[in-house]
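To keep things clear, I will list the structure first and then write my remarks on it.
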Amino acid sequence: MKLATWNINSLKVRLPQVLAWLQDNPVDALGLQELKLTDDKFPHEAFSEAGYHSSCFGQKTYNGVALITRAPAADVVRNLPELDDEQARVISATLDTPQGPLRLVNAYFVNGQEPGSEKFAYKMRWLAALHDWIKEQLRQHPCLVLMGDFNVTPEDRDSWDPVGLKDTIHHTVQERTHFQQLLALGLHDAYRLFEQPEKSFSWWDYRQLGFQKNRGLRIDHILVSDALHAQVTACTIDRAPRKNPQPSDHAPVVVSLQG
DNA sequence: ATGTCTTCCAAGGGAAGA
């Protein structure tokens, strides 16, 4: 089975690209971030016609997440129950698989603007709340996948310019410590379970020919729990959609699981 | 590199967020 995550920076603009990508990449589940639309504008019908179920948690202008699944999704939970948050950033659901129930958590992590800002403080609070909630979710659901736009480069090799961008947003020790604390719960960065090309990124700034020069960051991740670790057979970043006209600034990340 | 893209509000272009 295959799972994918993709920040599409407006579903209204990118819906045709998402449908085309699903046609070429018939994954079992796709987590979308930055829908930038409200639930009443979510194109459930378009996904249904493509053979997918969809659950959404939208918001006007900003944020918004969705899970697109081949099979129906059960026990849908929106946002982090323990955090009082006006922003729509998390949607979770359970998929029935031949291997048993699989819990999917799809999240659009806080950007954080810059270290020291109020938005950065919100990022830290949000990350702490996510950690505590994932810890509890893992007790209930040993087979768990946490995927999304993490807005964190886990290590220097995940940035095109770790020296020039040292201590800037996506690169701070505080953010990376939170990432490590998620791993410490018994999660594994699926991408790093395999040999990968150097300078592998999932996001490139629209400005200054960022993609063409491969000036990017690897900030979109798929973490799998201990119980799933042995089943992971591949993890790749699909750069192809970034070459489309009117692309998202992010590329999809895809993980393959045995069975 | 005040660089680009998207949306909102509200009627044109500026502000905000990423």
Side-chain angles (χ1 to χ4, degrees), chain A residues 5-21 31-43 46 56-66 79 83 85-91 106-127 130 147-154 158-172 174-176 178-179 201-221 237-253:
Chain A
T5 175
W6 194 7
N7 178 323
I8 38 85
N9 185 20
S10 167
L11 184 56
K12 185 184 169 199
V13 173
R14 234 69 67 187
L15 178 63
Q17 290 187 44
V18 174
L19 294 172
W21 190 83
L32 297 174
Q33 304 92 37
E34 284 208 88
L35 307 180
K36 296 188 173 180
L37 46 74
T38 46
D39 287 347
D40 57 300
K41 297 195 170 67
F42 190 90
C56 63
F57 182 34
Q59 182 185 331
K60 195 174 177 181
T61 312
Y62 305 119
N63 311 314
V65 286
N79 258 359
L83 183 73
D85 194 352
E86 291 171 0
Q87 306 190 16
R89 295 187 173 278
V90 189
I91 187 165
N106 173 44
Y108 175 49
F109 288 46
V110 177
N111 176 290
Q113 198 171 49
E114 69 176 315
S117 67
E118 175 48 43
K119 284 172 187 160
F120 190 82
Y122 164 51
K123 185 174 196 171
M124 296 298 108
R125 288 198 302 278
W126 189 91
L127 283 163
L130 176 74
M147 62 181 172
D149 174 359
F150 283 53
N151 272 316
V152 178
T153 58
D158 300 311
S159 172
W160 71 277
D161 186 14
V163 175
L165 296 172
K166 188 174 159 60
D167 298 329
T168 65
I169 200 66
H170 308 307
H171 298 72
T172 67
Q174 296 101 300
E175 292 165 281
R176 288 177 175 178
H178 275 290
F179 188 87
F201 307 126
S202 65
W203 172 90
W204 302 261
D205 201 305
Y206 284 121
R207 296 169 285 191
Q208 298 171 256
L209 301 173
F211 181 69
Q212 289 86 334
K213 295 176 177 173
N214 197 30
R215 293 181 173 181
L217 306 175
R218 193 175 72 92
I219 54 176
D220 300 271
H221 307 297
I237 298 170
D238 183 4
R239 297 162 57 101
R242 192 61 173 76
K243 298 168 187 164
N244 290 341
Q246 270 201 298
S248 166
D249 41 356
H250 295 254
V253 183

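A quick note: this is a predicted structure, and the numbers were derived from the prediction, not measured. Proteins come first, then strands; the chains are lettered A, B, ... in the order of their sequence lines, and each starts at number 1.
In this entry the distance linking CZ of A:Arg242 with P of B:dT4 reads 13 Å, nearest Å.
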Using distance only, find each side-chain donor-acceptor pair of residues 163-170 of chain A under 3.5 Å and give its atom names and separation, not counting sequence neighbours.
unit_1	atom_1	unit_2	atom_2	d
A:Thr168	OG1	A:Leu165	O	2.6
A:His170	ND1	A:Asn151	O	3.0

Query raised in the report: Quick one: what's the B/S/- string for nucleotides 6-18 of chain B, heavy-atom cutoff under 4.0 Å, read 5' to 3'?
Result: SSSS-------SS
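Residue pairs meeting the salt bridge (charged side-chain N to carboxylate O under 4.0 Å, His left out) criterion with at least one member in residues 106-118 of chain A, sequence neighbours excluded, are A:Glu118-A:Arg125.
For the P atoms, the distance linking B:dG12 with B:dG17 amounts to 25 Å, nearest Å. With C1' as the reference atom, B:dA10 and B:dA15 are 13 Å apart, rounded to whole Å.
Listed by chain and number, the residues in a salt bridge (charged side-chain N to carboxylate O under 4.0 Å, His left out) with A:Arg176 are A:Asp156 (sequence neighbours excluded). A:Arg89 pairs by the side-chain hydrogen bond (donor to acceptor under 3.5 Å, both in side chains) definition with A:Asn63, A:Gln87, A:Tyr122, not counting sequence neighbours. Partners of A:Asn244 according to the side-chain hydrogen bond (donor to acceptor under 3.5 Å, both in side chains) rule, which considers only residues two or more places apart in sequence or in another chain, are A:Gln17.
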